[in-house]
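These notes are about the structure you will find just below.
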Amino acid sequence: MEESADGKAKKAGARLCCLCHQKKAALKRPKTLEQICRECFYEVFEEEIHQVIVENQLFKPGERIALGASGGKDSTVLAYVLSELNRRHNYGLDLFLLSVDEGITGYRDDSLETVKRNEIQYGLPLKIVSYKDLYGWTMDEIVKMIGLKNNCTFCGVFRRQALDRGAALLKVDKLATGHNADDIAETVLLNILRGDIARLSRCTSIVTGEDGPIPRCKPFKYTYEKEIICTYAYFKRLDYFSTECIYSPNAYRGFAREFIKDLERIRPRAILDIIKSGENFRISTSTKMPEQGTCERCGYISSQKWCKACVLLEGLNRGLPKLGIGRTRGLNNDDKKDTKQTNGTKSIESKQCGTLDF
């Protein structure tokens with residue numbers, strides 16, 4: 001309350017934007033706690049992403065870039081913002097939307113309709129690859145066999161490889177994904193909890209797979225999820241699909257996500273602090289790291305004889321869906337007597353796993 005000249009108290013007016021000092025503040029940024037108007041938020045949000053792209057040299061003029069598009073908030077904002085920045089700053093990029101149809105009735109089929117609308121809205125060509133075509137299985141069929149406990153393992157492994165295969169079909173130079181700061185902080189915690197040193201050493205990298213055929217980059221590495229969905233996507237009225245996957249309620253990542261949200265409520269910068277800690281982790285030189293090679297069966301990147309996707313597929317096709325789950329002995333063990341050797345072949349039928357053509 002303020003006091004007027006005649007001594008009467010009067011109600012304080014609405015706060016002005018701390019950047020332009022002209023318009024009323026419409027939001028408080030979770031990352032900086034600044035109270036700013038919508039227009040200033042749009043400007044700083046897009047400028048921060050532009051600076052991340054420039055400082056990390058994520059793209060080069062003339063490159064073909066595939067944008068992982070699920071129809072969700074992150075990928076929709078990624079497609080919109082990169083389209084705008086590409087035009088505004090003359091990046092000189094050819095952008096494409098790349099979606100994966102996992103075969104989840106009532107979820108993915110609906111979200112793909114959103115992606116198809118985005119294709120028209122942003123004028124970006126769309127490529128859809130499906131689990132059924134690549135592996136001969138849909139997630140609905142896999143869940144019927146494996147149940148709801150380990151289904152996310154199958155989906156995560158298959159989706160990662162499916163994105164690479166789709167990117168190869170598009171003949172792109174890089175694959176950009178909508179992973180945000182919350183996602184990366186969750187991954188840091190998950191890798192610590194699992195004791196996964198190999199993934200912990202690279203999960204905070206803004207570009208991964210540089211030694212492989214198609215590198216991946218994360219322009220939203222330092223962007224909070226709240227700013228993407230609750231603010232930018234909402235204020236811009238972007239067309240995105242918001243329903244969670246029907247098979248994900250029991251996912252291990254969900255527990256890390258809840259923990260991150262609790263930390264954020266106490267200390268908003270906790271998300272960036274966790275990412276910073278992950279960046280500063282140093283692996284002991286005496287720690288033996290897995291050597292990167294290629295799968296003997298399909299040619300995909302793998303540190304074992306068979307990649308994880310091939311192991312999981314073999315289990316599904318043999319009626320042993322838990323063959324590649326957890327730390328049980330699987331097809332990559334030399335002493336597995338009933339394993340059929342592939343005699344060094346580099347490819348198998350498309351319904352089995354497909355070959356990579358780069």
Side-chain angles (χ1 to χ4, degrees), residues 18-19 27-36 40-41 43-59 68 72-75 77-78 81-82 85 156 160 174-212 215-233 251-287 289-290:
C18 68
L19 296 181
L27 63 121
K28 179 187 286 187
R29 296 195 68 190
K31 184 161 58 177
T32 63
L33 301 182
E34 295 174 317
Q35 297 191 37
I36 58 179
C40 286
F41 172 70
E43 185 177 340
V44 297
F45 181 88
E46 294 167 0
E47 182 61 22
E48 285 179 2
I49 295 170
H50 170 63
Q51 289 303 319
V52 169
I53 291 172
V54 172
E55 291 172 6
N56 294 277
Q57 299 179 337
L58 297 188
F59 309 121
K73 59 192 182 303
D74 300 312
S75 62
V77 173
L78 177 70
V81 171
L82 278 189
L85 294 179
R160 180 175 182 81
K174 286 191 183 77
L175 171 63
T177 62
H179 290 96
N180 57 53
D182 300 53
D183 297 327
I184 297 172
E186 291 164 14
T187 304
V188 171
L189 287 181
L190 284 173
N191 289 329
I192 291 174
L193 294 173
R194 290 169 173 159
D196 195 331
I197 301 299
R199 286 190 174 90
L200 182 59
S201 66
R202 63 176 183 266
C203 69
T204 57
S205 300
I206 195 166
V207 179
T208 57
E210 292 178 285
D211 54 345
R216 296 185 177 209
C217 61
K218 308 168 202 168
F220 289 170
K221 177 182 176 181
Y222 301 109
T223 307
Y224 277 33
E225 183 180 50
K226 279 185 179 178
E227 293 195 337
I228 292 174
I229 180 172
C230 298
T231 311
Y232 194 86
Y252 188 37
R253 177 176 286 272
F255 298 103
R257 181 174 295 118
E258 289 301 315
F259 181 61
I260 291 291
K261 296 303 180 189
D262 290 340
L263 287 177
E264 185 185 7
R265 279 190 284 270
I266 299 170
R267 176 181 166 81
R269 282 194 58 85
I271 292 174
L272 293 180
D273 291 341
I274 291 173
I275 294 175
K276 189 67 175 178
S277 296
E279 291 173 340
N280 291 331
F281 278 133
R282 294 294 179 267
I283 310 301
S284 171
T285 55
S286 61
T287 302
M289 302 292 282

Can you sort out the partners of [X] under side chain to side chain donor-acceptor pair (under 3.5 Å), two or more places apart, ordered by chain and number?
X: D262; answer: R265
X: E46; answer: R88, Y232
X: T32; answer: E34
X: T223; answer: none

- prompt: For the residue pair P219 and I49, what are the closest heavy atoms and their distance?
  reply: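 Nearest heavy atoms, P219 then I49: O-CG2, 4.2 Å.
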Shortest non-hydrogen separation from S201 to A198 and the atoms involved: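 Looking at all heavy atoms of both residues, the shortest contact is OG-O, 2.6 Å.
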query: Would you call R267 and D273 a salt bridge, taking side-chain N to carboxylate O under 4.0 Å as the test?
result: yes
Kindly write out the residues that satisfy side-chain contact (heavy atoms from CB on, under 4.5 Å) with [X], not counting sequence neighbours, or none if the list is empty.
X: V54; result: H50
X: K31; result: R29, E48, Y224, E227, L272
X: L263; result: F259, A270, I274
X: E258; result: none

Mind checking what makes salt bridge (charged side-chain N to carboxylate O under 4.0 Å, His left out) contact with [X], not counting sequence neighbours?
X: D182; result: K261
X: R216; result: D164
X: R253; result: E186
X: R199; result: D196

Would you say that [X] contacts [Y] through its side chain, given a criterion of any heavy-atom pair below 4.5 Å between the two side chains?
X: D74; Y: L78; answer: no
X: V77; Y: F45; answer: yes
X: F59; Y: L85; answer: no

message: For a side chain to side chain contact (heavy atoms under 4.5 Å, CB included) check, start with the C-alpha distance between C203 and I184, then their side-chain angles and the critical distance, and finish with the verdict.
response: CA-CA 7 Å; C203 69; I184 297 172; 5.6 Å; no
- prompt: When you look at NZ of K221, are more than 12 heavy atoms from neighbouring residues, nucleotides or ligands closer to it than 6.0 Å?
  reply: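 Enclosed: over 12 neighbouring heavy atoms sit under 6.0 Å from NZ of K221.
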query: Does atom CD of E43 have more than 12 heavy-atom neighbours, drawn from other residues, nucleotides or ligands, at distances under 6.0 Å?
result: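 Result for CD/E43: open.
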- prompt: Passes side chain to side chain contact (heavy atoms under 4.5 Å, CB included), I206 versus L58? Steps please.
  reply: CA-CA 8 Å; I206 195 166; L58 297 188; 4.1 Å; yes
field: Backbone N/O of S205 and side chain of K218: donor-acceptor pair under 3.5 Å
entry: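 Yes, the answer is positive, given that a donor and an acceptor are paired below the 3.5 Å cut-off.
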query: Between the side chain of K73 and the main-chain N/O of I228, is any donor-acceptor distance below 3.5 Å?
result: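 Here the side-chain-to-backbone pair does not exist.
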Output the distance between atom [atom1] ([X]) and atom [atom2] ([Y]), rounded to the nearest 0.5 Å.
X: F255; Y: L189; atom1: CZ; atom2: CG; result: 14.5 Å
X: I192; Y: F281; atom1: CD1; atom2: CZ; result: 4.0 Å
X: E225; Y: R257; atom1: CD; atom2: CZ; result: 7.0 Å
X: C217; Y: H179; atom1: SG; atom2: NE2; result: 11.5 Å
X: T231; Y: L27; atom1: OG1; atom2: CG; result: 5.5 Å

field: Step-by-step side chain to side chain contact (heavy atoms under 4.5 Å, CB included) determination, D183 to F220
entry: CA-CA 10 Å; D183 297 327; F220 289 170; over 6 Å; no
message: Set out, in order, the CA-CA distance, both residues' side-chain angles and the distance that settles side chain to side chain contact (heavy atoms under 4.5 Å, CB included) for I275 and V188, then state yes or no.
response: CA-CA 7 Å; I275 294 175; V188 171; 5.6 Å; no
